[in-house]
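Each remark here refers to the structure printed beneath this line.
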Amino acid sequence: MLQVQYIRDHKEEVIGKMTKRNLEVSEQIEKVLQLDEERRATQTQLDNVLAESNKLSKEIGMLFKSGKAQEANEVKKKTAGLKEESKELSEKLNAASTELTELLYTLPNVPHDSVPEGDSDEDNEVIFEEGEVPVLDKKALPHWELAKKYDIIDFDLGAKITGAGFPVYKGKGARLQRALIAYFLDKNTDAGYREYQVPHLVNEASGIGTGSLPDKEGQMYHVGLDDLYLIPTAEVPVTNFFRDELLSEGDLPQLCTAYTPCFRREAGSYGAHVRGLNRLHQFDKVEIVRVEHPENSYKALEGMVEHVKNILRELKLPYRILRLCGGDLTFASALTYDFEVYSTAQERWLEISSVSNFETFQANRMKLRFKDKEGKKQLAHTLNGSALALPRVLAGILENYQTPEGIVIPEVLRPYTGFDIID
RNA sequence: GGAGAAAUGGCAGAGUGGUCGAAUGCGGCAGUCUUGAAAACUGUUGAGGGUCACACCUCCGGGGGUUCGAAUCCCUCUUUCUCCGCCA
């Protein structure tokens with residue numbers, strides 16, 4: 001959520017930069033400013049009425065104490081009108097505040113200056129590419145065929161017990177999943193991230209904190225009976241550790257990592273590109289989350305990108321990094337780098353990590369602040385990234401490491417898998 | 001799931017209708033003393049809104065109510081603790 005104060009001070013800038021998202025927000029911005037004006041004016045009026053009424057109440061108290069009951073009752077009569085007035089004003093105040101907040105919830109984050117123009121994923125800017133694309137022979141199979149061939153992932157079984165998009169991993173496939181999770185967590189903790197295990201359901205306040213709610217797209221599964229949401233990513237519970245917290249400057253940065261399953265309804269996204277592991281309702285992911293001093297957050301973002309690069313180098317997977325264009329940028333993000341691994345058999349790039357700086361967008365929603373050296377309270381910056389999302393990494397390994405003898409396990413994973421080939 | 005108790009400032013802990021935003025202790029910060037430190041002493045120390053700055057307003061787990069006036073009374077939700085039941 002953007003800060004009203006910021007909008008007030010940088011109105012033209014906000015409107016201008018939002019055009020990168022192909023949004024024309026000048027009307028909404030005007031409305032925000034108008035509602036804010038109204039809110040503050042009403043607040044002042046209400047404060048005055050309350051001040052008057054507080055004064056009279058004290059008077060009444062003192063009169064009763066000194067036994068002047070009759071005079072006290074006289075004063076009491078004067079409070080009746082004030083009460084009515086304060087009720088009306090506070091209703092008006094509430095209405096303005098609610099409308100303002102709801103409007104602010106609809107405004108996405110302001111894109112960073114480096115975000116390229118563009119409408120869709122086709123306009124994302126490739127900024128880095130590395131790794132050798134293996135030359136596979138004509139018999140090379142896509143991962144869903146390999147999964148079947150070696151009996152390591154069973155999509156039909158998952159569909160039977162739950163539904164489409166909920167695969168069952170079997171035997172060496174399950175073990176490889178576990179190996180990847182352990183390997184990623186080790187890489188992250190070695191880099192200074194603290195490991196957490198977190199609830200997989202969150203309450204509404206947490207969903208709002210990260211910008212996952214209000215959930216217009218119906219992305220999250222909602223457990224109605226208990227009013228809880230299945231997490232779409234560990235970002236939601238982990239970042240909300242810090243909701244309503246006032247940290248001291250020395251507490252920054254906070255580096256967290258957590259493995260969780262992720263649940264996504266993915267309503268409306270069906271088609272050729274969602275075969276196999278390409279898009280699932282439930283998948284595993286190891287996430288990294290950082291809470292940073294605003295002055296350091298972009299340096300931290302670069303650090304996260306380097307960290308993910310290192311992992312992909314170790315896995316020896318061909319990958320590239322994109323800087324997302326304005327049209328493809330997620331709601332809460334100011335700048336996002338996507339990592340894509342090349343799927344040799346499918347001959348397309350698969351997104352395996354998304355690393356973002358949210359600046360104060362989430363922090364403002366969740367009141368995540370720190371006290372700086374001068375003792376002033378500032379919103380912190382939040383960042384997160386996948387390190388990494390499992391299914392497409394798995395797809396990449398299966399496809400890129402396939403040989404006539406079987407699927408060779410990348411060297412760094414062998415200590416975790418305990419085997420070096422799936423055959 | 002049933003019965004009961006509780007939730008107050010960074011922490012501990014008073015406060016059961018009226019100058020209570022809240023005693024006291026610890027902690028934090030500043031100072032005195034000291035070569036330095038400790039101890040002792042003195043002062044200071046919650047958050048949000050608002051203002052050029054004051055004033056002023058709001059906040060005692062969340063929400064609602066009673067009252068001229070609520071940390072204090074009532075309703076409700078959440079969480080914690082104790083006992084019983086169930087259970088990986």
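For clarity, every value in this text was computed on a predicted model and none was experimentally measured. Throughout, a chain's letter reflects where its sequence line sits, starting with A, and its residues are numbered from 1. Note: hydrogens, waters and symmetry copies are ignored here, and every other heavy atom, side chains too, is used.
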### Task
Taking the side chain as every heavy atom from C-beta outward, state whether Lys187(A) and Val286(A) have any atom pair closer than 4.5 Å.
no
Can you tell me, in whole Å, how much space there is between the C1' of rG25(B) and that of rU32(B)?
-> 23 Å
Taken to the nearest whole Å, CG/Asp47(A) to C1'/rC54(B) is 15 Å
Checklist line | Rounded distance in Å between the P positions of rC57(B) and rA70(B) | finding: 13 Å
Would you indicate, yes or no, if rC57(B) has its OP1 or OP2 atom less than 4.0 angstrom from a side-chain nitrogen or oxygen of Asn54(A)? yes
_So does Val115(A) get a backbone contact from the side chain of Lys20(A), meaning a donor-acceptor N/O pair under 3.5 Å?_
yes
Whichever of Gln5(A) and Glu52(A) has the more 5' nearest nucleotide on RNA chain B, that residue is Gln5(A)
Picking from rC68(B), rU19(B), rA47(B), the nucleotide nearest the side-chain atoms of Met62(A) would be rU19(B)
When rounded to whole Å, the CG to C1' distance for the pair Asn94(A) and rG63(B) reads 12 Å
When rounded to whole Å, the CZ to P distance for the pair Arg8(A) and rG49(B) reads 11 Å
request  = Evaluate the side-chain proximity of Leu413(A) to Leu315(A): yes if any heavy-atom separation is below 4.5 Å, no if none is.
outcome  = yes
Walking RNA chain B from its 5' end, the first of Lys371(A) and Gly61(A) to be reached, judged by nearest nucleotide, is Gly61(A)
Would Lys17(A) and Asp113(A) pass as an ion pair if we require N to O under 4.0 Å?
-> yes
Problem - rG65(B) to rG1(B) separation - P atoms, rounded to the nearest Å - result: 29 Å
Whole-Å distance, Lys58(A) NZ to rG17(B) P, equals 19 Å
When rounded to whole Å, the CG to C1' distance for the pair Leu246(A) and rU45(B) reads 14 Å
Heavy atoms under 4.0 Å, any strand shown: does Lys77(A) hit a base, just sugar-phosphate, or nothing?
nothing
From the candidates rG49(B), rG50(B), rC68(B), the one with an atom nearest any side-chain atom of Thr79(A) is rC68(B)
Whole-Å distance, Leu56(A) CG to rG69(B) C1', equals 11 Å
Could you tell me how far rU72(B) sits from rG15(B) if I compare only their C1' atoms? Round to whole Å. 8 Å
Partner of rU51(B) under the Watson-Crick or G-U wobble criteria, both distances under 3.5 Å, comes out as none
| task | Please work out which of the three classes, parallel, tilted or perpendicular, describes the rings of Phe370(A) and His293(A), given edges at 30° and 60°. | result | tilted
Rounded to whole Å, the CG-P distance (Asp227(A) to rU78(B)) equals 11 Å
Roughly how many Å apart are rA55(B) and rC74(B), using the P atom of each and rounding to a whole number? 36 Å
Arg369(A) has its side chain closest, among rC57(B), rG69(B), rG48(B), to rG48(B)
Geometric class of the His307(A)/Tyr193(A) ring pair [parallel <30°, tilted 30-60°, perpendicular >60°]: tilted
Winner on side-chain proximity to Ser57(A), out of rG18(B), rC57(B), rG50(B), is rG18(B)
- Item | P spacing across the pair rG13(B) / rG18(B), given as an integer number of angstrom | 25 Å
Quick check with a 6.0 Å cut-off and a 45 degree axis cone: is Lys285(A) positioned over the face of Tyr259(A)'s six-membered ring? no
Examine rG48(B): is either OP1 or OP2 under 4.0 Å from a nitrogen or oxygen in the side chain of Lys377(A)? Give yes or no. yes
Expressed as a whole number of Å, how far does the P atom of rA53(B) sit from that of rG48(B)? 15 Å
In Watson-Crick or G-U wobble terms, with both distances under 3.5 Å, the base opposite rU66(B) is none
Among the nucleotides rU51(B), rG18(B), rC57(B), whichever has the atom closest to the side chain of Leu50(A) is rC57(B)
Between CZ of Phe64(A) and C1' of rU19(B) the distance, given in whole Å, is 17 Å
- prompt: So, is Lys83(A) close to the rG69(B) phosphate, meaning a side-chain N or O under 4.0 Å from OP1 or OP2?
  reply: yes
Mate of rC86(B) across any strand shown (Watson-Crick or G-U wobble, both atom pairs under 3.5 Å) is none
Applying the 3.5 Å cut-off to both distances, the Watson-Crick or G-U partner of rC81(B) turns out to be rG4(B)
Answer for the Watson-Crick or wobble partner of rU24(B), both distances under 3.5 Å, is rA12(B)
By the Watson-Crick or G-U definition, both distances under 3.5 Å, rU32(B) is matched with rA40(B)
Can you tell me how far P in rA5(B) sits from the matching atom in rG9(B), rounded to whole Å?
23 Å
